[in-house]
Asks: 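What follows is a single structure, and I will ask about it in a moment.
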Amino acid sequence: MLLHDRASLPSGMRLTGQGFAVGTALACRTGVMVYGSDELGLPGPRREIRLYRPRETVMSKASMASLAHKPVVSDHPPEGSINASNYRQRACGWVGGDVAVEGEHLRIPLCIADAATVREIIGGKREVSCGYRATVSYTPGVTPKGEAYDGVVTAITYDHVAIVHRGRAGSARLGDARQSLGEKAMSDTTIRIGDADIPADPRIVAEIERLRQAAAARSSLSVADQLRADARDALLADQAARRDPSTARGAYIAHLETAYRGVEAGNV
């Protein structure tokens, strides 16, 4: 006989007798999305690019039809897209055919058939992110709601849907019945670790980038230059340690300096 254990799933999703997780998700909203310039292949330092997805683009029949029956993956594939060559390795489920409009989003039915991904969802990995191809026109403007943007997205064709810890569409979450009015899209600042893009505080990303640049600069030095730089750093660290008043040596040096200043001033 077949036996199954039970676990809690997000509201709006349920476990089937086969252990699959089935339910719906709000995804692919209209409006302005924030991307990194490097994600879009733009030259220059990394910066935020605001792209506008008009309602007529997201809700077009052709775009919605391309989302039906697409594979579901756990995190976006490092290859970028899903096809016959990597489907067996990457896919963990699929999108149903009943893609519908709900407010600013598309509502999609999902079936997650992979046990590991089901456990991740139960553990709190609840957001969805759609991978798609599109045409981008970098013409700045302002949306009817007054949001400034740097470019417009048209001709969306979906490739896959990823279950992620943080999605770009704000409220694109598994099992959610509605979006809270005024809810804003989350920050999309990420840092690449191995083959994964990990969401991170922008300040942390900036500091890591600074350290990477410093390491790159040091790697370009000759061996002699590196030895001199290491010796300088060690000397500065030793000087700082010598003057640390919390140590006996530092306190003694501070005492001598105070006495010397007294002699110079004629107070001794």
Side-chain angles (χ1 to χ4, degrees), residues 10 12-13 21-36 39-41 49-83 86-87 90-114 117 120-121 125-136 149 151-179 183-188 190 196-199:
M13 298 199 76
V22 297
T24 60
L26 293 178
C28 321
R29 75 171 175 88
T30 63
V32 175
M33 305 288 115
V34 180
Y35 294 81
E39 293 181 272
L40 304 171
I49 303 295
R50 299 170 60 84
L51 296 183
Y52 175 42
R53 296 196 305 214
R55 183 179 181 86
E56 57 269 25
T57 295
V58 176
M59 312 305 185
S60 73
K61 290 183 178 180
S63 177
M64 292 175 62
S66 74
L67 183 53
H69 310 296
K70 282 298 185 286
V72 176
V73 297
S74 180
D75 296 316
H76 290 290
E79 304 92 334
S81 64
I82 297 295
N83 51 50
N86 65 355
Y87 178 87
R90 303 295 181 190
C92 64
W94 57 88
V95 178
D98 188 18
V99 178
V101 175
E102 183 168 320
E104 297 293 313
H105 289 76
L106 297 180
R107 174 172 287 281
I108 56 176
L110 298 173
C111 178
I112 311 301
D114 174 65
T117 307
E120 288 181 324
I121 294 171
K125 189 176 183 179
R126 293 189 55 197
E127 300 200 0
V128 298
S129 177
C130 294
Y132 63 93
R133 294 180 177 84
T135 300
V136 179
Y149 58 80
V152 180
V153 177
T154 58
I156 292 176
T157 301
Y158 292 98
D159 182 87
H160 64 270
V161 173
I163 309 297
V164 297
H165 287 289
R166 294 179 64 182
R168 195 189 307 272
S171 67
R173 295 173 63 86
L174 293 169
D176 279 358
R178 67 185 67 181
Q179 175 186 14
E183 184 178 356
K184 296 181 179 179
M186 294 182 177
S187 169
D188 192 54
T190 61
D197 290 317
I198 308 300

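Computed from a predicted model, the values in this text were never measured in an experiment.
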Asks: Determine, stepwise, if the pair Val128 / Ile163 fulfils side chain to side chain contact (heavy atoms under 4.5 Å, CB included).
Replies: CA-CA 5 Å; Val128 298; Ile163 309 297; 3.9 Å; yes

Asks: Report all side-chain donor-acceptor pairs from residues 90-101 shorter than 3.5 Å, counting only partners two or more places apart or in another chain.
Replies:
{"from": "Arg90", "atom 1": "NE", "to": "Glu79", "atom 2": "OE1", "distance (Å)": "3.3"}
{"from": "Arg90", "atom 1": "NE", "to": "Glu79", "atom 2": "OE2", "distance (Å)": "3.1"}
{"from": "Arg90", "atom 1": "NH2", "to": "Glu79", "atom 2": "OE2", "distance (Å)": "3.1"}

Asks: Could you grab the distance from atom OG1 of Thr154 to atom CG of Leu51, nearest 0.5 Å is fine?
Replies: 11.0 Å

Asks: Return the minimal non-hydrogen interatomic distance between Arg53 and Tyr132, and the atom names on each side.
Replies: NH1-OH, 3.0 Å

Asks: Where do Leu67 and Cys28 come nearest, in terms of heavy atoms and distance?
Replies: CD2-SG, 4.1 Å

Asks: Of all heavy-atom pairs between Thr157 and Ser66, which one has the smallest distance, and what is that distance?
Replies: CA-OG, 3.7 Å

Asks: Between the main-chain N or O of Ala162 and the side-chain N or O of Ser129, is there a donor-acceptor pair closer than 3.5 Å?
Replies: no

Asks: Strictly by modelled atom types, are Arg55 and Thr30 linked by a side-chain donor-acceptor pair under 3.5 Å?
Replies: no

Asks: Looking at every heavy atom in both Met59 and Met64, which two are closest together, and how far apart are they?
Replies: O-SD, 3.4 Å

Asks: Looking at every non-hydrogen atom in both residues, tell me the closest pair between Ile121 and Arg126 and how far apart they are.
Replies: O-CG, 4.2 Å

Asks: Using side-chain heavy atoms (C-beta onward) and a distance below 4.5 Å, is Val34 in contact with Ile49?
Replies: no

Asks: CG of Leu106 to OH of Tyr158: how many Å apart, nearest 0.5 Å?
Replies: 5.0 Å

Asks: Angle between ring planes, His76 versus His160, binned at 30° and 60°: parallel, tilted or perpendicular?
Replies: perpendicular

Asks: Which atoms form the tightest heavy-atom contact between Glu120 and Ser74, and what is the distance?
Replies: OE1-OG, 2.9 Å

Asks: Which distance, rounded to the nearest 0.5 Å, do you find between the CE of Met13 and the CG of Leu110?
Replies: 6.0 Å

Asks: Do the non-hydrogen side-chain atoms of Val72 and Thr117 ever get within less than 4.5 Å of each other?
Replies: no

Asks: Partners of Arg133 by salt bridge (Lys or Arg N to Asp or Glu O under 4.0 Å), sequence neighbours excluded?
Replies: Asp159

